[in-house]
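Data block below; observations after.
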Amino acid sequence: MSDARRAVVMLHSVVPDRELDARLVPRPRQELGTEELRRFVHDARAAGWSIVGLSELLDTSGSGGHRLAVTFDDGYRDFADHALPVLRALDVPATLFVTTGYPDRTLLHVSLVVEDLVRSRAALRLRTPDGPRTVECHDPVDAATQVNRIIWEAGLDTATEILGDYREEWVDYGLTWEQLHEIARDPLTTIGGHTTSHPFLPALDPQACAAEIDGNRRRLRTELGVPVEHFAYPFGRHSDTVVQAVRRAGYAAAVTTEPRDVDARDALHVLPRFCAESGRPFAATVDG
Ligand SMILES: [Zn+2]
């Protein structure tokens with residue numbers, strides 16, 4: 001009983017396996033293939049892990065045996081298209097941490113939109129904070145890398161402005177509120193908070209930090225009418241002030257990206273979490 005492990009695993013996007021090979025800039029920590037997800041679940045169970053919801057994982061009165069909670073961050077549209085069908089088929093409970101800027105369409109899944117744009121253009125005109133800038137796209141991999149870096153350096157919240165010339169062409173890679181309603185109604189899935197705009201929370205002043213955390217939770221609860229009890233720190237980043245704001249917002253627990261097992265002594269608002277990675281089997285994820 002004492003050697004029973006508890007672990008939380010983080011995923012983001014789930015796409016058909018062949019789409020992974022077609023990426024200009026591979027994002028193994030951001031997307032898994034559907035077959036990989038299936039194998040991951042199968043291997044976890046074969047190794048003796050029960051997959052449980054996050055609340056059940058945190059309930060220490062639970063029965064013995066290894067317990068694993070599966071979580072998805074951000075709110076990619078493919079959660080509805082590709083992840084949920086697998087979860088339903090295999091009866092896997094999951095928590096979806098939603099950044100509300102995506103369904104509200106004030107945020108972009110930047111690297112995916114950039115891939116689309118550099119594939120379809122000879123050059124991109126960017127409206128950077130330092131003025132207009134042109135990036136040639138004859139080498140799409142190089143172009144995508146450059147544009148991602150420019151946006152990353154200017155801050156992700158500037159992406160809609162920087163790519164503003166192409167507003168009409170953006171494909172939405174985020175879940176819609178309609179899809180979120182359906183997901184929230186599914187007894188297998190639980191909705192968690194992940195801020196309004198996915199910022200580096202420790203870099204914000206306390207008011208802005210609280211607004212990101214409270215506003216997101218309020219929006220999810222009001223819009224979806226479900227309890228929102230768990231939070232995931234964007235980029236895993238937190239500080240004492242941030243943790244306090246999460247606690248004050250009413251969250252029962254919060255997860256980071258520190259890759260290790262949950263320990264009985266862990267504070268509920270800084271729980272560790274492993275990152276699933278494309279090409280990395282389950283055993284390597286939780287034992288590597
Ligand atoms: Zn995130």
Side-chain angles (χ1 to χ4, degrees), residues 8-15 23 25-32 37 54 69-80 82-84 94-115 148 151-152 154-160 172-177 179-180 183-184 189-204 208-209 211-217 219-220 224 228-239 242-243 245-246 249 251 253-259 269-278 285:
V8 186
V9 68
M10 165 178 69
L11 295 86
H12 288 86
S13 202
V14 175
V15 298
R23 290 278 181 249
V25 182
R27 307 184 310 143
R29 291 171 66 87
Q30 294 284 324
E31 49 189 14
L32 238 62
L37 175 59
L54 203 42
V70 175
T71 67
F72 291 81
D73 282 18
D74 300 345
Y76 284 89
R77 190 183 59 187
D78 54 52
F79 182 82
H82 302 301
L84 194 52
T95 298
L96 178 66
F97 292 112
V98 180
T99 293
T100 34
Y102 294 122
D104 279 339
R105 298 297 184 250
T106 53
L107 278 185
L108 287 179
H109 285 287
V110 172
S111 54
L112 297 174
V113 172
V114 168
E115 286 221 357
N148 282 333
I151 293 172
W152 185 257
L156 283 178
D157 55 341
T158 63
T160 50
D172 279 326
Y173 285 96
L175 287 163
T176 62
W177 282 113
Q179 288 171 313
L180 280 163
I183 293 164
T189 50
T190 310
I191 302 292
H194 199 41
T195 72
T196 301
S197 75
H198 210 283
F200 286 99
L201 287 173
L204 300 183
C209 176
E212 279 281 345
I213 296 164
D214 294 338
N216 169 246
R217 182 164 191 254
R219 182 107 179 85
L220 288 170
L224 301 175
V228 179
E229 302 300 331
H230 304 124
F231 179 83
Y233 298 98
F235 311 104
R237 300 290 190 85
H238 58 89
S239 64
V242 173
V243 173
V246 167
Y251 280 111
V255 288
T256 66
T257 53
E258 190 191 342
H269 292 83
V270 281
L271 295 169
R273 191 165 56 142
F274 292 103
C275 178
E277 203 172 318
S278 181
T285 305

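Just so you know, ligand 1 is whichever comes first in the structure, and atom 1 is the first atom listed for that ligand.
His194 has its closest N, O or S atom to the Zn ion (ligand 1) at the position named NE2. The Zn ion (ligand 1) sits nearest to atom NE2 when only the N, O or S atoms of His198 are considered.
At least one donor-acceptor pair closer than 3.5 Å links the side chain of Glu212 to the backbone N or O of Ser197.
A cation-pi contact, defined as under 6.0 Å to the ring centre and within 45° of the axis, links Arg217 to Tyr251.
Backbone or side-chain N, O or S atoms of His12 do not reach the Zn ion (ligand 1) at under 2.8 Å. Here Asp74 reaches the Zn ion (ligand 1): one of its N/O/S atoms is less than 2.8 Å from the metal.
Note on ring orientation: taking the six-membered ring where Trp is involved, the planes of Tyr76 and Tyr102 are parallel (angle under 30°, cut-offs 30° and 60°).
When the salt bridge (Lys or Arg N to Asp or Glu O under 4.0 Å) test is applied to Asp73, the partners found at least two apart in sequence or on another chain are Arg273.
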